[in-house]
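Worksheet: the structure to be examined is printed underneath.
Computed from a predicted structure; not experimentally measured.
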Amino acid sequence: MPLPALPEGYLLRPAVAADRRQIHRLLQNFERETDRPVRRWQFLGWSVVAAVLLWMMVSMGVAVVLLAIVALSSSLFWIQISPLISNDWKQYWVIVDCFAVPRSSRSVEKPSGKLIACGKLCRYRHYSLLFNLLVVPAYRHHGFGSILVDALSQKAVKPLYLACHTNRVSFYTRLRFEPIAVKELPASVRNALGITPRSKLLALKLDR
């Protein structure tokens, strides 16, 4: 069954540098949707950090605690800012709503329209990998994800591999992907996709 074309006013294109902030925001929002149990562990982790800092203040003095806080703050700042200054965006393709305006951008170089979907395609000599296929919630169930996957699969070096949770398998099998056993994956692909016994991810493959 042929996929629908993009509606008028939407554009599929390679990401540009000005898209970095919108891609990063989309990734963050997706993590908030899917990692709710992890956030409880994060709260517990910060509680432990606070307890350790209090103990250091009592036993080692305020100066040592201030140094520890500065080091921790610097690390957290780098974790937040690194996606915005890396070249990772060059491997992304995006769909843009040309009539919508991004929520905020103070940069002189602004993307034209609102980024509503993205996907990361990593092409290698003998295969490709697909990561981070994401669609803004308000634009889901309108075919944008399917159109993006189809476009990226045409640009990929086959076979094209991806990893997903069980609730997304039917979406990809409709687009001609097939499940593949972990033991059949090349080690480089398995490691890049992050498939481990604890990850609960399933591998899928598109041959043509």
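Side-chain contact between V169 and C164: present, with at least one pair of heavy atoms (C-beta onward) separated by less than 4.5 Å. A heavy-atom distance below 4.5 Å is found between the side chains of R13 and V94. When side chains are defined from C-beta on, E178 does not count as touching T173, because their heavy atoms never get closer than 4.5 Å. At a threshold of 4.5 Å between non-hydrogen side-chain atoms, the residues V135 and I116 do not count as touching. Residues R168 and S170 form no side-chain contact, since every pair of their non-hydrogen atoms from C-beta on lies 4.5 Å or further apart. A 4.5 Å side-chain heavy-atom check between Y172 and V149 finds at least one atom pair inside the cut-off. Between I180 and L204 the shortest side-chain heavy-atom distance does not fall below 4.5 Å.
The aromatic rings of F144 and Y10 lie tilted to each other, with the angle between the two planes from 30° to 60°.
The nearest pair of heavy atoms linking Y161 to P186 is OH-CD, 4.0 Å. S153 approaches L206 most closely through the heavy-atom pair CB-CD2, 3.5 Å. Considering every non-hydrogen atom in both K114 and Y139, the closest pair reads NZ-CE1, 4.0 Å. Considering every non-hydrogen atom in both A15 and I23, the closest pair reads CB-CD1, 4.0 Å. K200 and H165 get closest at one heavy-atom pair: O-ND1, 3.7 Å.
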Under the side chain to side chain contact (heavy atoms under 4.5 Å, CB included) rule, what do L201 and L193 come out as? Steps first, then yes or no, please. CA-CA 9 Å; L201 293 174; L193 293 177; over 6 Å; no

If you apply the rule side chain to side chain contact (heavy atoms under 4.5 Å, CB included), what do you find for L130 with L152, and how did you get there? CA-CA 8 Å; L130 179 60; L152 295 184; 3.6 Å; yes

Mind running side chain to side chain contact (heavy atoms under 4.5 Å, CB included) on K120 and Q91 for me, showing each step along the way? CA-CA 5 Å; K120 180 181 177 182; Q91 296 174 306; 3.2 Å; yes

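To the nearest 0.5 angstrom, L134 atom CG is 14.0 Å from R25 atom CZ. For the atom pair CD1 of I95 and CG of L11, the computed distance is 9.0 Å after rounding to the nearest 0.5 Å. Put simply, CG on L162 and CG on L129 are 9.0 Å apart, with the number rounded to the nearest 0.5 Å. With values rounded to the nearest 0.5 angstrom, S128 atom OG is found 7.0 Å from R123 atom CZ. The CH2 atom of W89 sits 14.0 Å away from atom SG of C118, with the distance rounded to the nearest 0.5 Å. Rounding to the nearest 0.5 angstrom, the gap separating the CG atom in D88 from the SG atom in C122 is 7.5 Å.
L202 and V189 fall into different hydrophobic clusters, defined by Ile, Leu, Val, Met, Phe, Trp and Tyr side-chain heavy atoms under 4.5 Å apart, directly or through other members. Both Y127 and I195 belong to a common hydrophobic cluster when Ile, Leu, Val, Met, Phe, Trp and Tyr are linked at side-chain heavy-atom distances under 4.5 angstrom. Hydrophobic clustering of Ile, Leu, Val, Met, Phe, Trp and Tyr side chains at less than 4.5 Å, counting indirect connections, unites L175 with W93.
With respect to K90 and D19, no salt bridge is recorded, no charged nitrogen being found less than 4.0 Å from a carboxylate O. Comment: R176 does not engage D207 in a salt bridge, judged by the lack of any side-chain N to carboxylate O separation of less than 4.0 angstrom.
The only member of L160, L148, L133 that meets side chain to side chain contact (heavy atoms under 4.5 Å, CB included) when paired with L121 is L160.
In this structure, the ring of F177 has its center no less than 6.0 angstrom from the ring center of F171.
Listed for the N191 side chain is a donor-acceptor partner under 3.5 Å among the backbone atoms of A187.
Of the N and O atoms on the side chains of S188 and Y124, not one donor lies less than 3.5 Å from an acceptor on the other residue.
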